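Working notes, beginning with the structure itself.
Letters go in sequence order (proteins before strands), and every chain restarts at 1. None of the values given here were measured: they were computed from a predicted structure.
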Number of protein chains: 2
Amino acid sequence: MDISKYKSQERLLLAVDCIIFGFGGKQMKALLIKRGFQPEKGKWSLMGGFVNKNENVDAAAARILRQLTGLKDIYMEQLHCFGDTKRDSAGRVVSIAYFALINIAEYNEQLTSDHEARWFPLDKIPTLIFDHKQMVQKAKERLQQKVANHPIGFELLPVKFTLPQLQSLYEGIYESPLDKRNFTRKILSLNILKKLAEKEKESSRKGAFYYVFDRDKYGKLNHDGIKFL
Amino acid sequence: MDISKYKSQERLLLAVDCIIFGFGGKQMKALLIKRGFQPEKGKWSLMGGFVNKNENVDAAAARILRQLTGLKDIYMEQLHCFGDTKRDSAGRVVSIAYFALINIAEYNEQLTSDHEARWFPLDKIPTLIFDHKQMVQKAKERLQQKVANHPIGFELLPVKFTLPQLQSLYEGIYESPLDKRNFTRKILSLNILKKLAEKEKESSRKGAFYYVFDRDKYGKLNHDGIKFL
DNA sequence: CCAAAAGTGTTTCTATTACACCCATGT
DNA sequence: ACATGGGTGTAATAGAAACACTTTTGG
C-alpha cells in the first residue's frame, strides 16, 4: 500500500488538558496543580500530559486524570482542541481539552498534597500557564449549556443528596439564584428522582429528605426534549 | 530552559476533516470528494488534509477548505477531535473535524469536477472511509443545536432570501415540517431581518418578498436568550 | 420560645401550538 | 378562470415566573 503521502507529513506533539470541576457546597471549583516540569514549572496549571502513539485520545485523558487524582470511572467529556502554534512556549503542542465532573467529597486529599493540587472557586482562578484560562472559561460555558439538558449535575454530588443541595448546585453552576418552589416543582416533575425515607440533618434542624437519581427511570425517557432548567 | 519532558514524547500526525454543508432548496447536503491518495484512494471521503507544524489548526482547516473548494471567508467551526488509534487504516492519525456552511449557489462548479466532488443529500450519504460517517452524523447534530440559538442559518442562503426559503432551510435542517404562520411570526419578532421592496418571482406567480439578515441589529441584542426556534 | 432551614400552591404572564382563508399573478 | 404558492390572525394550551407563609426541631 502506497502511503507516501503520510510519510512526508510533519508530526507533532499532542497533549490533553483536563478541567476538573467539583462542587463546594456554594460554588463550583476547579482543581489545579503546580506544574512539575519546565517550562513554567511551579506555576498553576490544568492537569495535563501527552498522548502516546498507541493510545486513544479519550484514553489518554482518562489516564491523566487517574494518574493525578487516583480517580477512575469519572464523567469526562471532550471540550475542544486548542491548536494555535504559539500556545505552548516550549514548542508546538496541540492540546485536546477535556472536562471532568467529580464529587469533591470522594476526592482523596492525600493525592491533592502529593501533586500540590488545590481547588479554586471559579471566580478566584489564579493566573494559569499558556491558554489554560481560556480552557477553563470554555469549560464553564459548556457545563452551563450541558447541564440544562443532561443529567450530569448528579456527578458532582454524593449518591444521596437533598433538594436544597441540588438547587445550590445549579445556582453555583449558573451563578444566579433560583426560586425554591419553582425549582423543586420542576425537578420533581421530571420523575427521575427517588425520595428516601432518610433525612440529612447536618445543615438544618428540621432536616431535608435525601433523594437519589434514578438512572433506570431516566434511561426509559425520551432524552430529546428533556429540560432540567 | 529544560524541556526534556517534551523531547522524549512521541509525535504523531494531525489531520483536519471538513464537513461542508450546503442547502439544496429542500434538504441539506454535504460535499464529498473521491479521495485522491492511498489508502482508500477513489472512495468517498470528507475533505481533509494534514496540519503543518507551523500552522494553527484553525488555519489548516481554512486552508484545506480553500484548496479544495476555492472558497474563503467561510463560516467554519470546530466540531470534535477524533482520536482513536485505529481510525485511519494507514497509521496513527488524529483528526480534528470542522464543519463549514456555504451557500451552495456560490460554489464554483468547476472546482467540483476538479476534485471529483459531489453534493449528497444527508439521507443519501454513500459509504465513507474511516470514521467519516460518524463525523457527518455528529456535525448534523451540532448544526441542529447551533442553529436554534445562533444566526448561522443565513450562511447557507444567498444574501437576499425569502421567508419561504428560510423556512425550508430550517425544515431541511430539522427534517421536519414547520407551520408557516408560526414560523414567520417568530422569525420576524426577532427583529433581525430587513424586508426589501423587491420580490423573488422564480418560484411562484405572486412572488415572495426578499429579506436580508441585519447583522447590525443582531449585534446590538443580548445574544444569550435569543431563540430562532 | 426562637432561630434557621425545609416544605408547599396559586396566580400571572409569556410562549407555543393548532388551525383556514384570501391574495396576487402568469398562463 | 384557475392553479400555484404567498401572506395573514385568533383562540387554546402549556410552561415559566413571581410571590409568602407554615413546619420542624435543636438549642
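- Between the side chains of B:Glu171 and B:Gln167, at least one donor N or O lies within less than 3.5 Å of an accepting N or O.
- Within a heavy-atom distance below 4.0 Å of DNA chain D, the residues of residues 177-192 of chain A found are A:Asp179, A:Arg181, A:Asn182, A:Arg185, A:Lys186.
- For the pair A:Glu200 CD and D:dG26 C1', the interatomic distance rounds to 14 Å; values are reported in whole Å.
- One atom, CG of B:Leu193, and another, P of D:dG7, lie 13 Å apart when rounded to the nearest Å.
- Residue B:Thr162 is classed as having no contact, given no heavy-atom separation below 4.0 Å to the nucleic acid.
- Side-chain contact of A:Asn191 with A:Tyr218: a donor-acceptor pair under 3.5 Å is absent, judged by distance alone.
- Proximity of a side-chain donor or acceptor of A:Gln165 to a complementary backbone N or O of A:Thr162 within less than 3.5 Å is detected.
- Across the protein-nucleic acid pair, A:Arg205 atom CZ and C:dC1 atom P stand 16 Å apart, rounded to whole Å.
- Nearest-nucleotide positions on DNA chain D place B:Leu163 closer to the 5' end than the other of B:Leu163 and A:Leu229.
- Every residue was checked against the ring-ring contact (aromatic ring centres under 6.0 Å, His included) condition with A:Phe23, not counting sequence neighbours, and none meets it.
- Distances shorter than 4.0 Å separate none of the side-chain N or O atoms of B:Lys206 from OP1 or OP2 on D:dA3.
- Distance alone, capped at 3.5 Å, is enough to place a donor-acceptor pair between the B:Arg142 side chain and the B:Leu79 backbone.
- Looking at heavy-atom distances under 4.0 Å, A:Lys227 makes contact with sugar-phosphate atoms alone, never a base.
- In summary, of the residues considered (B:Lys201, B:Glu200, B:Arg205), a side chain to side chain donor-acceptor pair (under 3.5 Å) with B:Ser203 occurs for B:Glu200 alone.
- Rounded to an integer number of Å, the gap from A:Tyr210 OH to C:dG7 C1' is 17 Å.
- In this structure, the nucleotide among D:dG5, C:dA6, D:dG7 sitting nearest to the side chain of A:Ser204 is C:dA6.
- In this structure, B:Glu202 places its CD atom 15 Å from C1' of D:dT4, rounding to the nearest Å.
- Rounded to a whole Å, the NZ atom of A:Lys201 is 12 Å from the P atom of D:dT24.
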